[in-house]
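Position 1 is the first residue of the sequence, and the numbers go up from there. Indexing begins at 1, ligand by ligand and atom by atom, following the structure's order.
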Amino acid sequence: MSPAAAEPPLWEQDAGSERRGERLQKVLAATGLGSRRVCEELIADGRVTVNGDVAVLGRRVDADTDRIEVDGAPIGVRPDHVYYLLNKPTGVITTSRDPQGRPTVLDLVPATPRVFAVGRLDADTEGLLLLTNDGELANRIAHPSHGVEKEYLAEVAGGRVGPGALRALRNGIDLDDGRTAPAKVSQPEPGILRLTIHEGRNRQVRRMCEAIGHPVRRLVRTRIGPLSDRRLTPGSHRELRTEEWRSLLDAVSRASSGS
Ligand code: URA
């Protein structure tokens, strides 16, 4: 066992620290500051504070509630990375250039630094889209095996969806590219479905609804993992808050560990 993994003697622990939470060096490393060894050195050099107190190696923290700073700056988003949450309107395409000259999502966010969309929404789908220049996080979110949930509201043709069709959506639908994974489905109003899926197949929600005889009339993505924002108006974007970015990282790590 490496010396850093051992719990420090009680008299070296910060006043009030408890045997709870995660090890500070692990939390720091998860933010991309560097390897655990590098983060251990930052702590050993006295450059890390927790709730204003200089931290010692082995200190446990609650990343959601403890205020953790390195050289006086709160940990979180790397300064060279940007993360935008965009509410994509219909008629705007997700790819970066369109031969037909339609507006793209890149027209709706700052041109520099250059970002790209994480996954895609159809031109006729509205709602939340994440754009970033953090390729590693983007790959992890977009990868179906990481299973970050995406929630959609679908207004469907044909009125109230019957229990058999809802059950079919929940169990998985046979599409031409294979059976869909079980979805979470509710019907908050007749003819309006709330669907939560973690795959990202082409036009998946539309094809699932079509398959049960209720084609989609309007489709809005309302959540990506922990990210939602009812106040973000179509066409507008904002940067992720540090807590949102952190919970997104958590959601990706949880999904990829299968817990
Ligand atoms: N499912 C669809 O059918 N379209 C989208 O844009 C996203 C999910």
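- R221 contributes no side-chain N or O that, together with a main-chain N or O of E126, makes up a donor-acceptor pair within less than 3.5 Å.
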Could you list each N/O atom of ligand 1 together with any protein N/O atom closer than 3.5 Å, one pair per line with the distance?
{"unit_1": "ligand 1", "atom_1": "1 (N)", "unit_2": "V205", "atom_2": "N", "d": "3.1"}
{"unit_1": "ligand 1", "atom_1": "3 (O)", "unit_2": "R203", "atom_2": "O", "d": "3.3"}
{"unit_1": "ligand 1", "atom_1": "3 (O)", "unit_2": "Q204", "atom_2": "N", "d": "3.3"}
{"unit_1": "ligand 1", "atom_1": "3 (O)", "unit_2": "V205", "atom_2": "N", "d": "3.2"}
{"unit_1": "ligand 1", "atom_1": "3 (O)", "unit_2": "R206", "atom_2": "N", "d": "3.0"}
{"unit_1": "ligand 1", "atom_1": "4 (N)", "unit_2": "D122", "atom_2": "OD2", "d": "2.7"}
{"unit_1": "ligand 1", "atom_1": "6 (O)", "unit_2": "D122", "atom_2": "N", "d": "2.8"}
{"unit_1": "ligand 1", "atom_1": "6 (O)", "unit_2": "D122", "atom_2": "OD2", "d": "3.3"}
{"unit_1": "ligand 1", "atom_1": "6 (O)", "unit_2": "T125", "atom_2": "OG1", "d": "2.9"}

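- Under the 4.5 Å side-chain heavy-atom criterion for Ile, Leu, Val, Met, Phe, Trp and Tyr, V156 and V220 are members of distinct hydrophobic clusters.
- For D66 (side chain) and I68 (main-chain N/O), no donor-acceptor pair under 3.5 Å exists by modelled atom type.
- In R179, the CZ atom is crowded: over 12 heavy atoms of neighbouring residues, nucleotides or ligands sit closer than 6.0 Å.
- Across all their heavy atoms, R102 and A123 have their closest contact at NH1-CB, 4.1 Å.
- Side-chain N or O atoms of D62 include none that pairs as donor or acceptor with a backbone N or O of G21 at under 3.5 Å.
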